[in-house]
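Only one structure is covered here, and it is reproduced in the block below.
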Number of protein chains: 2
Amino acid sequence: MATSAAAVLPALPATHPCHGCAARELALCGVLQEGELATFKSLGGHQQMSPGQPLFHEGDPTTQVFNITRGSLKIYKLLPDGRRQVMGFMFPGDFLGISISDEHAFTAEALEPTHMCRFARNRFDDFVEERPDMERRLYSLAAHELAAAQAQMVLLGRKSAAERLASFFLDLAQRAERLGRAPVTAIDLPMSRLDIADYLGLTKETVSRVLAQLKQKRLIRLVTLNRIEILDREGLDAIAQGLTDN
Amino acid sequence: MATSAAAVLPALPATHPCHGCAARELALCGVLQEGELATFKSLGGHQQMSPGQPLFHEGDPTTQVFNITRGSLKIYKLLPDGRRQVMGFMFPGDFLGISISDEHAFTAEALEPTHMCRFARNRFDDFVEERPDMERRLYSLAAHELAAAQAQMVLLGRKSAAERLASFFLDLAQRAERLGRAPVTAIDLPMSRLDIADYLGLTKETVSRVLAQLKQKRLIRLVTLNRIEILDREGLDAIAQGLTDN
DNA sequence: ATCAAGAATTGAGGCAGATCATCTTATTCG
DNA sequence: CGAATAAGATGATCTGCCTCAATTCTTGAT
């Protein structure tokens, strides 16, 4: 069951609808051949969203699944009194639709202008059911997400504020590297400080303060408000893993 | 992909090795027919563990997968300095092996005398690969676990100590009900207060104190140290969801 | 039964991060 | 461009949970 995406994909003709899709190798589509890809593509459509626009709400029927191709989203749950927990952020290549429930377990909302492929869920399921590769890929995605969720439980249950921020930045860097296939020292933060706080189980004030500490320790630098540069990755790593008192 | 376990299973002859297995309908095996079940069973063996005994450690190669049939386990991750996050507790019917990594992401340790079916991972994978039902079931399990992990993130990121305890007890009650198919008012706690604390992101002292509060509010009663009775489920529910100040 | 050892409870005080308030810096829009 | 508005940073104070320290209870061995 330890199946991973095909390492090499055949080049597509420039006229193919998926040609040039930044997400292709990373997403579900990665396991499909050219012919299948066309069939797959024909199942659904394309969709764009503007910042702040919700894709769906917690509790909505899950009639569609999505594949992010550009931009980013946050997904979150709310408690009745308004407390919010951000479950994660989605970037190009990420698949939004791992669930066997009829209702969405969370709300999804665009952080910036965002593009995605959209599929009717029943047609998607039918398509997947006939392609063992695809099923295995889906399982693999779910298993990865589960591992990530468990890492986040450690963060939320046992890490200090500084450890949480450091872990978060490193995680973002790694995801950017997976997308770009090259080492990354500067990271975009398309989400607000409040989003970060709600993701890390903190308040926006604490996020600001810890950010200031990390800056002062010369571990990071704020290029702009929404873009940081990692100055000392080893130092950040040491903090993230709890190897230093902070 | 919204496949669930078969609702009704054919009765097995009393001589069948899986006859009387408390976990059969719940576990992976639930989708298998009698013939297949025998084949499946022949892939692996049975194993018993005593309290405190580790099944495997974080980082160990994942050469086997397991299906709990009796007893219970805790699974946890450690930070380098010894801080611990318990990721969850496993009961009969639960499957231990959702992963595509070559190394275990956590340590698993028996809480009480515990029995399980054991399968070599490569043989298990081969078996699964030929049975789409089984693959779908595995995906379904992973999706469920992911949803549970996300609920736990809300708990760890945003709930108060009392809310965490209340949520925990209700969750245990629901799991017991899924196993026994009958309403449950008394719950066994095979884990220590420290295990509970490390699961809920608290200390054992806080767990003790909140337990005392819930007792005093007549929401629960301690039958013994390791068994509580739920006296007011609605009240607990209200707390768990954060509908009451506590 | 009695004792020992571990587990759980209870108490006192401290602290990391929350809350509330203010100020500063971006961004938007007329 | 400049005012309006929102986002972020910073300061002061508060508090829920943690830490450290005794007890008390439970359990298993003799």
Side-chain angles (χ1 to χ4, degrees), chain A residues 50-52 74 79 81-85 111-113 155-168 188-216 220-228 239 242 244-246, chain B residues 50-52 74 79 81-86 111-113 155-166 168 188-216 220-228 239 242 244-246:
Chain A
S50 20
K74 63 182 169 197
L79 289 177
D81 66 352
R83 276 174 289 175
R84 191 174 69 138
Q85 179 65 38
L111 292 170
E112 50 185 328
L155 180 148
L156 292 170
R158 288 294 176 234
K159 288 190 180 176
S160 73
E163 289 163 3
R164 293 178 200 207
L165 256 297
S167 302
F168 175 59
D188 275 313
L189 302 175
M191 68 294 288
S192 71
R193 300 291 189 266
L194 179 58
D195 290 335
I196 297 175
D198 284 347
Y199 178 58
L200 300 178
L202 302 168
T203 60
K204 58 188 199 302
E205 291 92 339
T206 298
V207 169
S208 258
R209 275 185 256 269
V210 172
L211 221 42
Q213 289 170 30
L214 297 176
K215 249 166 24 183
Q216 199 205 308
I220 61 167
R221 186 174 74 85
L222 255 72
V223 181
T224 71
L225 260 187
N226 295 304
R227 185 173 177 81
I228 64 158
I239 292 183
T244 146
D245 2 291
N246 45 78
Chain B
S50 20
K74 64 183 169 197
L79 290 177
D81 65 354
R83 277 175 288 176
R84 192 175 68 138
Q85 179 65 38
V86 171
L111 293 170
E112 50 186 327
L155 181 148
L156 292 170
R158 287 296 175 233
K159 288 190 181 177
S160 73
E163 289 164 1
R164 293 178 199 207
L165 255 298
F168 176 58
D188 276 313
L189 303 174
M191 68 293 289
S192 71
R193 299 292 189 266
L194 179 57
D195 290 336
I196 296 175
D198 284 348
Y199 179 57
L200 300 178
L202 302 168
T203 59
K204 57 188 200 302
E205 291 92 338
T206 297
V207 169
S208 258
R209 275 185 256 268
V210 172
L211 221 42
Q213 290 169 27
L214 296 176
K215 250 166 24 185
Q216 199 205 308
I220 62 166
R221 188 174 72 85
L222 255 71
V223 182
T224 71
L225 259 187
N226 295 304
R227 186 173 175 81
I228 64 157
I239 292 182
T244 147
D245 4 290
N246 44 78

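Chain A is the first sequence line, chain B the second, and so forth, proteins listed ahead of strands; every chain is numbered from 1.
- Residue A:S160 is classed as a sugar-phosphate contact, given heavy-atom separations below 4.0 Å to backbone atoms only.
- Nucleotide C:dA18 holds its C1' atom 10 Å from the CZ atom of B:R158, rounded to whole Å.
- Using a 4.5 Å heavy-atom cutoff, the side chains of B:T203 and B:R193 are not in contact.
- In terms of heavy-atom proximity, B:R158 sits nearest to B:E163 at O-OE1, 4.3 Å.
- In this structure the side chain of B:D198 never reaches within 4.5 angstrom of the side chain of B:K74, judged on heavy atoms.
- The CG atom of A:L211 sits 10 Å away from the P atom of D:dG8 (whole-angstrom rounding).
- In this structure, the CG atom of B:L156 is 16 Å from the C1' atom of D:dG16, given to the nearest Å.
- Looking at residues 189-206 of chain B, you'll see B:S192, B:R193, B:E205 sit with a heavy atom under 4.0 Å from some atom of DNA chain C.
- Spacing between atom CG of A:L222 and atom P of D:dG8 amounts to 11 Å, rounded to whole angstrom units.
- Counting atom types as modelled, B:R209 pairs a side-chain N or O with a base atom of C:dG11 as donor and acceptor under 3.5 Å.
- Residue B:I220 comes nearest to B:L211 through the heavy atom pair CD1-CD1, 3.9 Å, listed as atom of the first residue, atom of the second, then distance.
- Side-chain contact between B:L200 and B:T206 is absent, with no heavy atoms from C-beta onward closer than 4.5 Å.
- A straight line from CG of B:L214 to P of C:dA8 spans 17 Å, rounded to a whole angstrom.
- Remark: B:L156 CG to B:Y199 OH distance equals 8.0 Å, nearest 0.5 Å.
- Taking 4.5 Å as the limit, every side-chain heavy atom of B:V210 sits out of range of all side-chain heavy atoms of B:L202.
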Quick one: do A:L214 and A:I228 satisfy side-chain contact (heavy atoms from CB on, under 4.5 Å)? Show the steps, please.
CA-CA 11 Å; A:L214 297 176; A:I228 64 158; over 6 Å; no
Would you give a per-nucleotide map of nucleotides 22-30 of chain C, 5' to 3', where B means the base has a protein non-hydrogen atom under 4.0 Å away, S means only the sugar-phosphate does, and - means neither?
---------
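- Taking atom CZ of A:R83 as the reference point, atom P of C:dT19 lies 10 Å away to the nearest angstrom.
- Applying the side-chain contact (heavy atoms from CB on, under 4.5 Å) test between B:K204 and each of B:L194, B:I196, B:D195 identifies B:L194 as the sole match.
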